[in-house]
Amino acid sequence: MRIATYNVNGVNGRLPVLLRWLEEERPDIVCLQELKAPQDKFPEGPIRDLGYEAIWHGQKSWNGVALLSRVGEIHETRRGLPGDPDPSQSRYIEAAIAGVIVGGLYLPNGNPRPGPKFDYKLAWFERLIDHAAALLATGAPVVLAGDFNVMPTERDVYKPERWTDDALFAPEVRALYARLLEQGWADSLRRIYPDETIYTFWDYFRNAFGRDAGLRIDHLLLSPSIAGRLKNGGVARQVRGWEKTSDHAPTWIELNGPAS
DNA sequence: ATGTCCAAGCTTCTTGGA
């Protein structure tokens, strides 16, 4: 079973790219972020035509998250984090799909730092850590996937020294990511490739993709009860090279066993 | 400081967010 996360950066503006990727790769379960579309403007029809059921939490102009499945019904378990510091922002959606709890998230960017947006990022991250602990306590197989807006280590940044003051690489934020992992979550791609350079995002500026000046900020975390099924994973870099594409590339994992 | 791209609106350019 393959699960992917993809920050589409505008689900309608990138619809041809999204549909092409879904057709070519046929992931079983997909977490989408940055829909940038109100609830009634999600392109449910074309996605359904490719065989995917979908649930989504839209928002005018900004944010927005969705879950897609072509391997069975989506049983929504929540939208929004418990105690979300600003529930008007659509950043979390969770469902049981094919025997797995999938939490799709779009963690706040947090720039500029310092400032209220950075404070909101830290507060949101704390709420995520609390909820992640509650999910682990159930013992259920859980995948937490999405745009975390965090490069966990220096290996995940093309030029770490340039990013130390940025909200995506600030010590406080990396410490929160480390705290989350210490609960027992496995960072899938790092589990498979401990020492490789892996990027999931390349800025539109300054030919960042051409120079491979990238960041690894999209992550798929596995609870201990499912981590043993991790078989493979990667980044669909070619998608970042298509016309009218997102600044992120889809990131995916393959789990042993059927989509039961 | 810059660079690029998108959505939205008192819209055909401007603005904010990433």
Side-chain angles (χ1 to χ4, degrees), chain A residues 5-21 31-44 46-47 56-66 84-92 104-125 128 145-152 156-159 161-170 172-174 176-177 199-219 235 237-251:
Chain A
T5 181
Y6 185 22
N7 179 320
V8 285
N9 191 2
V11 72
N12 287 302
R14 315 299 187 188
L15 190 59
V17 167
L18 173 63
L19 296 177
R20 177 179 169 190
W21 168 67
C31 306
L32 296 178
Q33 303 89 39
E34 274 208 271
L35 304 178
K36 291 184 171 175
Q39 189 68 14
D40 61 353
K41 291 282 168 45
F42 182 83
E44 184 183 15
I47 287 171
W56 62 95
H57 192 194
Q59 181 185 330
K60 194 171 80 172
S61 299
W62 313 118
N63 309 316
V65 285
D84 193 319
D86 178 3
S88 71
Q89 301 195 24
S90 300
R91 295 183 175 277
Y92 187 82
L105 65 100
Y106 177 45
L107 211 134
N109 176 296
N111 279 306
R113 165 181 178 269
K117 290 185 177 177
F118 188 67
D119 295 341
Y120 174 64
K121 179 177 198 169
L122 298 182
W124 203 94
F125 214 148
L128 177 65
D147 178 358
F148 284 69
N149 268 316
V150 184
M151 297 85 90
D156 303 309
V157 198
Y158 68 98
K159 213 167 251 192
E161 66 278 9
R162 288 246 182 109
W163 288 83
T164 46
D165 295 327
D166 191 279
L168 277 66
F169 198 53
E172 311 93 293
V173 177
R174 292 161 64 189
L176 285 165
Y177 189 84
Y199 299 139
T200 65
F201 167 94
W202 298 261
D203 216 308
Y204 290 121
F205 305 160
R206 292 170 299 230
N207 189 32
F209 186 56
R211 295 185 295 120
D212 198 25
L215 310 173
R216 189 174 76 95
I217 56 177
D218 300 278
H219 309 298
V235 178
R237 287 178 62 111
Q238 76 279 4
V239 177
R240 182 60 181 80
W242 294 350
E243 289 290 311
K244 303 279 280 178
T245 198
S246 169
D247 39 9
H248 296 248
T251 306

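Because the structure is a prediction, the values reported are computed rather than measured. The chains referred to below are lettered A, B, ... by the order of the sequence lines, with proteins before strands, and numbering in each begins at 1. No hydrogens, no waters, no symmetry mates; every other heavy atom, side chains included, goes into these values.
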Work out how far the [atom1] atom of [N] is from that of [M], and round it to whole angstrom.
N      : M      : atom1 : result
B/dT15 : B/dT2  : P     : 15 Å
B/dC10 : B/dG16 : P     : 15 Å
B/dT14 : B/dA1  : P     : 22 Å
B/dT12 : B/dA8  : C1'   : 13 Å

First contact, last contact: which nucleotides of DNA chain B are these for chain A, 5' to 3', heavy-atom distance under 4.0 Å?
B/dT2 to B/dA18
Within the 4.0 Å heavy-atom criterion, would you say [X] contacts the bases, only the backbone, or no part of the nucleic acid?
X       : answer
A/Lys41 : nothing
A/Pro38 : sugar-phosphate
A/Gly13 : sugar-phosphate

Heavy-atom neighbours of A/Arg211 CZ exceed 12 at 6.0 Å:
yes
Would the distance check show the side chain of A/Tyr177 and the main-chain N or O of A/Met151 forming a donor-acceptor pair, the cut-off being under 3.5 Å?
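Such a contact is absent between A/Tyr177 side chain and A/Met151 backbone.
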Check: A/Val239 main-chain N/O paired with A/Thr245 side-chain donor or acceptor under 3.5 Å:
yes
When you match A/Glu34 and A/Lys244 each to their closest nucleotide on DNA chain B, which lands nearer the 5' end?
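Closer to the 5' end of DNA chain B: A/Lys244.
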With nearest nucleotides of DNA chain B determined for A/Lys60 and A/Asn109 from heavy-atom distances, which residue corresponds to the more 5′ nucleotide?
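First, find each residue's nearest nucleotide; the 5'-ward one identifies A/Lys60.
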Given A/Arg91, which of A/Asn63, A/Asp147, A/Asp86 fulfils the side-chain hydrogen bond (donor to acceptor under 3.5 Å, both in side chains) condition?
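Single pass found, and it is A/Asn63.
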Consider side-chain hydrogen bond (donor to acceptor under 3.5 Å, both in side chains). Of A/Thr200, A/Asn149, A/Asn7, which one does A/Asp218 pass it with?
A/Thr200
Which residue in the set A/Leu122, A/Asp166, A/Leu168 passes side chain to side chain contact (heavy atoms under 4.5 Å, CB included) when paired with A/Val173?
A/Leu122
